[in-house]
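Worksheet: one structure, shown below.
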Amino acid sequence: MASGTDGSGQVDSILELSKITLRFGATTALDDVNINIRAGEFFTLLGPSGCGKTSLLRLLAGLQIPTSGHIRLDGQDITGVPPHRRPVNTVFQSYALFPHLTVARNVAFGLEMLRWQAAAIQKRIPEVLSLVGLSSYGERRTEQLSGGQQQRVALARALAPRPRVLLLDEPMSALDLKLRKETQQELKRLHREAGITFVLVTHDQEEALTLSDRIAVMKDGRVRQIGSPEVIYREPSDTFVADFIGEANLIQASALGRAGVAGLVMVRPEDIAIAPESDAARVRGTISDMRFLGGTVELTVVTDAGNAIRTRSAGAAAVLNHGQAVGRRVGLVWPDRAERVLEG
Amino acid sequence: MHRASPLLLTLPALLVIGIFMLVPLGYGVAYSFLTASPYGGAQLPFTFEGYQQVLFQRDFDESLYFTTTYLAIIFRSVVLASAAAILCAVLGLPVAWFIACQPAKWRTWLVFVVTLPFWVNSLIRTYCWVLLLRDQGLINLALQKSGLTSGPIGLMYNDGATLLGLVYNFLPFMVLPIYAALERLDPRLIEAAHDLYATRAKVFSRIIIPLALPGLKAGALLVFAPALGYFLVPDLLGGGRNLMIGNLIQIEFTSGRNWPFGAALSVLVTGAVMLVLMIGAMRGKRRKLSDIVGDQL
Ligand SMILES: Nc1ncnc2c1ncn2[C@@H]1O[C@H](COP(=O)(O)OP(=O)(O)OP(=O)(O)O)[C@@H](O)[C@H]1O
Ligand SMILES: [Mg+2]
């Protein structure tokens, strides 16, 4: 798959970003970004810190204007349209709840600005509050709420005006691990129930894999690959994506004795099985480390060519006797379909 | 280590407050209940004469009659001080907003610039206004030279000039607390409001003003309280004809030689300001209390 395109064609695109570039002085925050986001999908922008995720989201919200390129919403060019005239709402990383307003007034804010009828607003507030499980919190002041509750108020506030697209900038980053897992499920449910297109920003690959219909992997202001979690995981387009999503063994093709193949062969640890040191083995080596991870066992095998390859399997413990594992010589096998040749 | 008792530690603060605030205030209150002595100062016995004179004057035959002379001055003072507070708010908010919007390294300097007038004696600064506003002053000269007016227009010796002087003198007291409130305002709130369909005007009225309100309130008090008792500006710019309470008090302590009356007026001014402060504080408390109650539910 070519980088920068998603191969989805034009079908049902709600948001189209074409040739987006954003510069801050000498810094290029976004460089020729092309993305089509489909109506109703859960789309995730994934990448390491500083790769331009927030900048991209701010362009979609209208809080920033691209240096060049176009953004279309429902086929209409909205590149320079100010935020208050876009049917797009944001859940900010810091939540940005209005401290002088109660939870209910926060939720009502967007509706009041849109000049909804008072009766319609009064009906909508409890609706969205119950959607995020905060029905009895309407009259609270926002600073009395826990981080998780504030995050849900931010969600309710952004969902209340029924935007075409909901933007979420690392909404879970301030939550502890347990709460984050719960909130991820919550978010998935909200996406289903609200029927709105979600665009999520995260640097947590696990979060991206669990939640998304499709993911755009970004690095240094460029989109490296767009695809479903399975495609991104199974068929990464380059070594960066392979390495950033999950764990990957990247082995020189030459080390595997592949004549005429240049580049690196990627195999996921869980696809590699331990076998006797026979001719059937793809590589042979010595177990240098063993880690017991509960359900699975992780082995590091140093091959005769000097590569360290990690394997992970549930069966490994049965194959090998615990104490004697390290130092033993083994062979490694994996099916053809598990490997992928990437350009170095 | 030996721990000093809390009382000992707070003693310096208590002494400062006591010596510099309570003692003069106590003197003022005491004087207001004394009898005026003919050559200034006050003497026994204790009376309510000082307070009585605010509303009643003694006729030649020693009978009391109701007079609005002083009430009118008090009323004018309250109106002028309120107007000054409102004008300062209208002018101070944009200034404070402008400063708060600048990069951090500039802000310190701009705040310094705002406080710059404090470095010059207020008597001198007010005289500068006299030089500007008087009939032979710079403004009138410029107006006549440019042919906009044929003769001098009376810019001084009216309530407008007094108001101008008050606003000029106390504007920093408004700018600084508003700035302090705005500086704490998270700019992301403004973005969030825009994102939620608020126009610039709505962001201003629904986010910036409410969040600047504590600063506005503090500023209003800081302007109103000293403006109410100010005598320099009405004296020099108002021309001593349009008196404010401050002038009245000054006169009673000097040429009027009626210290108890002057002291009584001072006590009334102080009392009025304290009343406003206490009402403000009590309303603040009540909200806090309801918050706590809300938490229990
Ligand atoms: N207002 C700005 N002025 C100058 N440079 C900026 C500005 N905003 C972002 N940048 C730069 O643009 C690049 C992308 O920033 P951005 O905030 O989009 O990254 P991010 O992917 O959201 O990172 P993180 O995961 O840390 O939030 C960074 O190099 C950043 O320094
Ligand atoms: Mg970011």
Side-chain angles (χ1 to χ4, degrees), chain A residues 54 57-58 60-64 81-103 105-116 136-146 150 153-154 156-163 165-169, chain B residues 89 93 96-97 100-101 103-106 177-220 280 283-297:
Chain A
T54 297
L57 212 63
R58 289 172 59 82
L60 296 181
L63 296 168
Q64 207 122 53
V81 173
H84 65 269
R85 286 203 254 117
R86 296 185 184 200
V88 172
N89 289 133
T90 310
V91 177
F92 292 87
Q93 184 165 4
S94 56
Y95 311 142
L97 299 178
F98 304 129
H100 59 298
L101 301 177
T102 60
V103 169
R105 302 318 301 165
N106 263 278
V107 172
F109 190 87
L111 310 179
E112 287 166 8
M113 294 301 116
L114 286 172
R115 295 171 196 275
W116 279 32
S136 56
Y137 288 74
E139 294 316 308
R140 290 285 191 99
R141 297 179 71 79
T142 55
E143 69 255 39
Q144 302 171 332
L145 302 178
S146 71
Q150 291 188 10
V153 175
R157 185 178 70 174
L159 281 170
R162 298 199 179 91
V165 181
L166 185 74
L167 308 175
L168 305 113
D169 190 359
Chain B
L93 189 64
W97 178 247
C101 287
K105 57 177 178 188
W106 282 89
I178 299 179
Y179 166 71
L182 289 179
E183 197 197 17
R184 269 172 300 168
L185 194 154
D186 184 350
R188 286 170 293 197
L189 296 180
I190 295 169
E191 292 196 332
H194 273 307
D195 186 63
L196 290 162
Y197 314 106
T199 58
R200 277 165 170 275
K202 285 288 182 195
V203 170
F204 185 72
S205 65
R206 299 288 299 268
I207 306 294
I208 295 172
I209 291 278
L211 289 175
L213 205 58
L216 273 163
K217 280 184 185 165
R283 287 180 58 187
K285 270 236 188 62
R286 197 166 329 135
R287 211 187 56 219
K288 285 275 156 49
L289 199 66
S290 68
D291 281 0
I292 297 160
V293 173
D295 250 0
Q296 305 299 316
L297 294 175

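Numbered from 1 within each chain, the chains take letters A, B, ... in sequence-line order. Keep in mind the model is a prediction, meaning the values are calculated, not measured.
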Using side-chain heavy atoms (C-beta onward) and a distance below 4.5 Å, is Pro163(A) in contact with Val88(A)?
no
Does any non-hydrogen side-chain atom of Leu166(A) lie less than 4.5 Å from one of Leu159(A)?
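Yes, at least one pair of side-chain atoms sits under 4.5 Å.
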Verify, without hydrogens or angle tests, whether [X] (side chain) and [Y] (backbone) share a donor-acceptor contact under 3.5 angstrom.
| X | Y | value |
| --- | --- | --- |
| Asp195(B) | Thr90(A) | yes |
| Arg86(A) | Val81(A) | yes |
| Asn106(A) | Thr142(A) | no |
| Gln150(A) | Leu145(A) | yes |

Chain B contact via Leu97(A) - which portion, at a heavy-atom distance below 4.5 Å
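The backbone, not the side chain.
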So which part of Glu139(A) gets closer than 4.5 Å to some heavy atom of chain B, the side chain, the backbone, both or neither?
neither
Quick check on the structure: residues of residues 196-212 of chain B within a heavy-atom distance below 4.5 Å of chain A, by number.
Leu196(B), Tyr197(B), Ala198(B), Thr199(B), Lys202(B), Arg206(B), Ile207(B), Pro210(B), Leu211(B)
Those residues at least two apart in sequence (or on a different chain) that pass salt bridge (charged side-chain N to carboxylate O under 4.0 Å, His left out) with Arg85(A) are none
Using a cut-off of under 4.5 Å for heavy-atom pairs, which of Tyr95(A), Phe98(A), Phe92(A) has the most such pairs with chain B?
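The answer is Phe98(A).
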